[in-house]
Visitor: 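Input: one structure, supplied below.
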Amino acid sequence: GAMIRFEQVGKRYPNGHVGLHELSFHVRHGEFLFVTGHSGAGKSTLLRLLLAMERPTSGRLLLAGQDLSSITTAQIPFLRRQIGVVFQNHQLLFDRSVFDNVALPLKILGLGKEEIARRTLLALERVSLQDKAEQFPADLSTGQQQRVGIARAVVHQPALLLADEPTGNLDPRLAAEIMKVFEDINRLGTTVLIASHDLALIARMRHRLLTLQRGRLIADGEAA
Ligand code: ADP
Ligand code: ADP
């Protein structure tokens with residue numbers, strides 16, 4: 001089955017704004033894709049639906065076979081364990097070390113100390129920051145901070161990695177570096193979906209690109 005299945009998904013907010021309009025597309029396990037569109041196109045709505053922060057108001061949305069249209073509140077923590085999220089402003093805790101920032105999701109899952117250390121160092125290795133574990137976010141460059149955010153998002157080995165404008169604050173060279181990190185993670189089997197405005201960067205990467213306009217899918221294909 002597909003990793004993600006949008007079947008005529010509509011999202012209308014209580015104030016009457018339409019976030020998405022009968023959106024249909026599939027994402028296979030292991031795919032790497034971008035979602036783009038102007039402000040207000042529906043990118044954040046799409047991500048929030050996948051995280052079950054919002055419910056579709058029509059249609060059906062399946063994630064790894066689970067129907068998010070009818071998911072119960074009690075099931076949401078289990079859904080979230082399958083997903084990692086990277087934010088534009090990485091949301092690191094500046095009073096904790098790099099290690100503690102990345103380890104946090106595993107502590108919340110209640111794993112043992114040794115397992116936490118093993119997986120945290122593995123995640124830091126994936127973003128080439130294993131030698132920065134004991135430092136604090138303020139000691140790192142912007143690009144390194146964003147890599148810590150990625151390590152934290154993948155430390156629990158999610159099947160799906162979502163990113164919302166992950167290169168929004170970075171210069172083009174750093175942005176390209178961060179994209180390589182996402183590609184490395186994808187190569188290990190994680191499905192990666194990135195919402196981004198950065199068309200120049202997307203065009204260089206030759207992955208699948210979904211283009212939204214006012215809540216509708218207007219293009220789906222390899223970025224040109
Ligand atoms: P994007 O992330 O592409 O900028 P959004 O998903 O934020 O697009 O917005 C899509 C549409 O849904 C816009 O018209 C926006 O105003 C509306 N919208 C988004 N979030 C909300 C909300 N919480 N309440 C009401 N309308 C919203
Ligand atoms: P982005 O450009 O990342 O989509 P937005 O400025 O569109 O950011 O939205 C920021 C936040 O404001 C989102 O969490 C969204 O839910 C909320 N939002 C967006 N549009 C509306 C709206 N029309 N009414 C209420 N909340 C909104």
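Computed from a prediction, not measured in an experiment: that's the story for all the values here. Note that ligands are numbered from 1 as they come in the structure, with each ligand's atoms numbered from 1 the same way. For the numbers below, each heavy atom of this structure counts, side chains included, while hydrogens, waters and symmetry mates do not. In this chain, numbering begins with 1 at the start of the sequence shown.
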Visitor: Could Glu183 and Lys180 be called an ion pair, given the rule that one side-chain N must be under 4.0 Å from one carboxylate O?
Guide: no
Visitor: Near Val18, which atoms of ligand 1 are under 4.0 Å from a heavy atom of that residue?
Guide: 11 (C), 12 (O)
Visitor: Would one find an N or O of Glu54, backbone or side chain, under 3.5 Å from an N or O of ligand 1?
Guide: no
Visitor: Show the atoms of ligand 1 that are less than 4.0 angstrom away from any heavy atom in Ser39.
Guide: 4 (O)
Visitor: Numbering the atoms of ligand 1 from 1, which are under 4.0 Å from a heavy atom of Gly42?
Guide: 1 (P), 3 (O), 5 (P), 6 (O), 8 (O), 10 (C)
Visitor: With a 4.0 Å heavy-atom cut-off (strictly under), which part of Arg214 contacts ligand 1: side chain, backbone, both or neither?
Guide: neither
Visitor: Give the atom numbers and elements of ligand 1 that come within less than 4.0 Å of a heavy atom of Ala41.
Guide: 1 (P), 3 (O), 8 (O)
Visitor: Pairs in or reaching into residues 28-52: which pass ring-ring contact (aromatic ring centres under 6.0 Å, His included), with residues at least two apart or in two chains?
Guide: Phe32-Phe34, Phe32-His207
Visitor: Checking contacts here: is it the side chain or the backbone of Asn15 that comes within 4.0 Å of ligand 1, counting heavy atoms only? Could be both or neither.
Guide: side chain
Visitor: Please work out whether any backbone atom (N, CA, C, O) or any side-chain heavy atom from C-beta onward of Lys43 is under 4.0 Å from ligand 1, and answer side chain, backbone, both or neither.
Guide: both
Visitor: Taking atom types as modelled, find out whether Thr57 and Tyr13 have a side-chain donor-acceptor pair closer than 3.5 angstrom.
Guide: no
Visitor: Indicate yes or no: does Arg208 engage Glu222 in a salt bridge with an N to O separation below 4.0 Å.
Guide: no
Visitor: Could you please spell out the steps behind the salt bridge (charged side-chain N to carboxylate O under 4.0 Å, His left out) verdict for Arg118 and Glu115?
Guide: CA-CA 5 Å; Arg118 192 181 67 77; Glu115 185 68 5; 3.1 Å; yes
Visitor: Report, in ascending order of atom number, the atoms of ligand 1 lying under 4.0 Å from any heavy atom of His38.
Guide: 3 (O)
Visitor: Should we say atom CZ of Phe94 is surrounded by more than 12 heavy atoms from elsewhere, each under 6.0 Å from it?
Guide: yes
Visitor: Let me know which of Thr190, Leu160, Leu193 forms a side chain to side chain contact (heavy atoms under 4.5 Å, CB included) with Met3.
Guide: Leu160
